[in-house]
Number of protein chains: 2
Amino acid sequence: MTKAKPASGLRSENQPLDAIDSALLRALDAEARLPLSELSRRVGLSAPSVAERIRRMETSGVLTGFTVETDARALGYAIRALVRIRPLPGKMHLVEQLIQEMPAIVECDRITGDDPFLARLVARSVEEMDKALDALSGHAVTSTAVIKGQSVKRRLPPL
Amino acid sequence: MTKAKPASGLRSENQPLDAIDSALLRALDAEARLPLSELSRRVGLSAPSVAERIRRMETSGVLTGFTVETDARALGYAIRALVRIRPLPGKMHLVEQLIQEMPAIVECDRITGDDPFLARLVARSVEEMDKALDALSGHAVTSTAVIKGQSVKRRLPPL
DNA sequence: CATGAAACAACACTAAG
DNA sequence: CTTAGTGTTGTTTCATG
């Protein structure tokens with residue numbers, strides 16, 4: 001036996017995450033396609049155990065999916081912007097529908113405050129951006145801030 | 001010896017993706033751990049071809065990584081918020097450093113406009129959120145909007 | 001009850017066409 | 001880009017502390 005790690009035995013089932021789950025989550029966050037065999041080496045567990053832990057995190061709703069990160073610029077979208085959207089009176093629902101149908105909007109949160117929506121938008125040019133936002137004219141007031149860069153890349157919250 | 005392939009054997013990095021690359025990207029966006037064999041079935045190509053296409057998209061910078069999506073709520077973070085941050089005069093760089101060191105901030109863009117930063121923050125409670133933002137007090141003015149929900153889940157731009 | 005070990009099936013990779 | 005051959009990986013079943 002090379003590994004004498006104690007694994008102090010039991011792990012409560014409903015507990016958010018133990019140290020091993022956290023390590024798995026961080027490893028998968030960095031490289032979601034890591035094979036179970038590699039993951040099992042890193043955390044000192046067998047592959048079936050790792051597979052079961054991942055499945056459990058999916059079932060419990062902690063891990064909601066595996067996805068890819070793409071570079072909008074490399075896809076031809078030179079402009080990324082954050083747009084605050086304030087629907088005109090009575091147009092809240094219509095505006096939300098329009099937002100959902102705008103392919104240029106790649107993400108949108110409903111938030112508290114004067115502007116109910118904050119959307120992330122991509123465009124190949126400023127002209128295309130303006131044209132996309134025209135879909136909302138007459139229904140909402142928008143405030144656009146162009147993204148100049150990223151100070152913090154998307155990362156996991158503390159585990 | 002084989003003859004060279006047609007002149008277009010190599011895709012330019014500025015050129016849009018072809019239909020197969022787009023399909024692969026969409027499939028991986030939905031389920032990043034899909035086996036190459038399954039991907040190859042879906043797009044009607046052999047597995048090695050699919051592997052090469054994915055590698056090429058990574059090399060060209062279109063596909064920047066494979067990662068997981070987690071649910072902050074399931075991790076115990078009941079509060080998500082968007083925080084606009086305006087550093088006090090002369091404190092721009094200090095504030096950016098502080099932001100990067102705050103674990104509660106899971107993403108932050110540098111943007112045009114009055115508030116140079118827009119950060120996404122998670123917290124287990126409003127008290128914890130306020131405490132996290134205290135790290136910036138004296139160095140920046142912040143405006144916080146709590147996230148009530150998502151109108152558009154993160155999705156790929158048109159391909 | 002969670003983990004580990006061995007069996008089998010599925011998969012990824014390389015080479016060659 | 002495809003097909004074939006080889007090694008690796010994932011998964012299932014079963015036994016154990």
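Not measured: the values here are computed from a predicted model. Protein chains get the first letters and strands the later ones, always in sequence-line order, with residue 1 at the start of each.
Summarising the hydrophobic clusters (Ile, Leu, Val, Met, Phe, Trp, Tyr; side-chain heavy atoms under 4.5 Å, direct or chained), the residues clustered with B:Val146 are none. Membership of the apolar cluster around B:Val141 extends to B:Leu88, as traced through chained side-chain contacts below 4.5 Å between ILVMFWY residues.
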Show the atom names and distances, to 0.1 Å, of all donor-acceptor pairs under 3.5 Å that link a side chain in residues 149-159 of chain A to residues at least two apart or in another chain.
{"residue": "A:Ser151", "atom": "OG", "partner": "B:Glu96", "partner atom": "OE2", "Å": "2.5"}
{"residue": "A:Arg155", "atom": "NE", "partner": "B:Ile105", "partner atom": "O", "Å": "2.9"}
{"residue": "A:Arg155", "atom": "NH1", "partner": "B:Gln100", "partner atom": "O", "Å": "3.2"}
{"residue": "A:Arg155", "atom": "NH2", "partner": "B:Gln100", "partner atom": "O", "Å": "3.3"}
{"residue": "A:Arg155", "atom": "NH2", "partner": "B:Met102", "partner atom": "O", "Å": "2.8"}
{"residue": "A:Arg155", "atom": "NH2", "partner": "B:Ile105", "partner atom": "O", "Å": "2.9"}

Can you give me every donor-acceptor pair (side chain of residues 61-72 of chain A, partner residue at least two apart or in another chain, under 3.5 Å) with its distance?
{"residue": "A:Thr64", "atom": "OG1", "partner": "B:Glu69", "partner atom": "O", "Å": "2.8"}
{"residue": "A:Thr67", "atom": "OG1", "partner": "B:Asp29", "partner atom": "O", "Å": "2.9"}
{"residue": "A:Thr67", "atom": "OG1", "partner": "B:Asp29", "partner atom": "OD1", "Å": "2.9"}
{"residue": "A:Asp71", "atom": "OD1", "partner": "A:Arg73", "partner atom": "N", "Å": "3.0"}

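Taking atom CG of A:Leu39 as the reference point, atom C1' of D:dT8 lies 15 Å away to the nearest angstrom. Rounding to whole angstrom units, CG of residue A:Leu34 and P of D:dT8 are separated by 18 Å. As a whole-Å value, the separation of A:Glu52 CD from C:dT3 P is 7 Å. Summarising the geometry, the separation between CG on A:Leu45 and P on C:dA2 is reported as 13 Å, rounded to the nearest angstrom.
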Heteroatom pairs (N/O) under 3.5 angstrom, protein to nucleotides 7-11 of chain C:
{"residue": "C:dC11", "atom": "OP1", "partner": "B:Ser37", "partner atom": "OG", "Å": "3.3"}
{"residue": "C:dC11", "atom": "OP2", "partner": "B:Arg41", "partner atom": "NH2", "Å": "3.4"}
{"residue": "C:dC11", "atom": "O5'", "partner": "B:Ser37", "partner atom": "OG", "Å": "3.2"}

Give me, pair by pair, the N or O atoms of the protein and of nucleotides 13-15 of chain D that are less than 3.5 Å apart, along with how far apart they are.
none

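Atom CG of B:Asp109 sits about 10.5 Å away from atom CZ of B:Phe117, to the nearest 0.5 Å. Rounded to the nearest 0.5 Å, atoms CZ (B:Arg84) and CG (B:Asp115) are 5.0 Å apart.
Taking only side-chain nitrogens and oxygens, A:Arg53 never comes nearer than 4.0 Å to OP1 or OP2 of C:dA2. Phosphate proximity of D:dT2 to B:Ser49: present, with a side-chain N or O under 4.0 Å from OP1 or OP2.
Comparing C:dC13, C:dT3, D:dT2 by their nearest atom to the side chain of B:Ala51 picks out C:dC13.
Between the side chain of B:Arg124 and the backbone N or O of B:Ala78, no donor-acceptor pair lies under 3.5 Å. A donor-acceptor pair under 3.5 Å is formed between the side chain of A:Arg33 and the backbone N or O of B:Ala32.
Transitive grouping of hydrophobic side chains (ILVMFWY, heavy atoms separated by less than 4.5 Å) brings B:Leu17 and A:Val106 into a common cluster.
Between A:Ala47 and A:Arg33, the one whose closest nucleotide on DNA chain C sits nearer the 5' end is A:Ala47.
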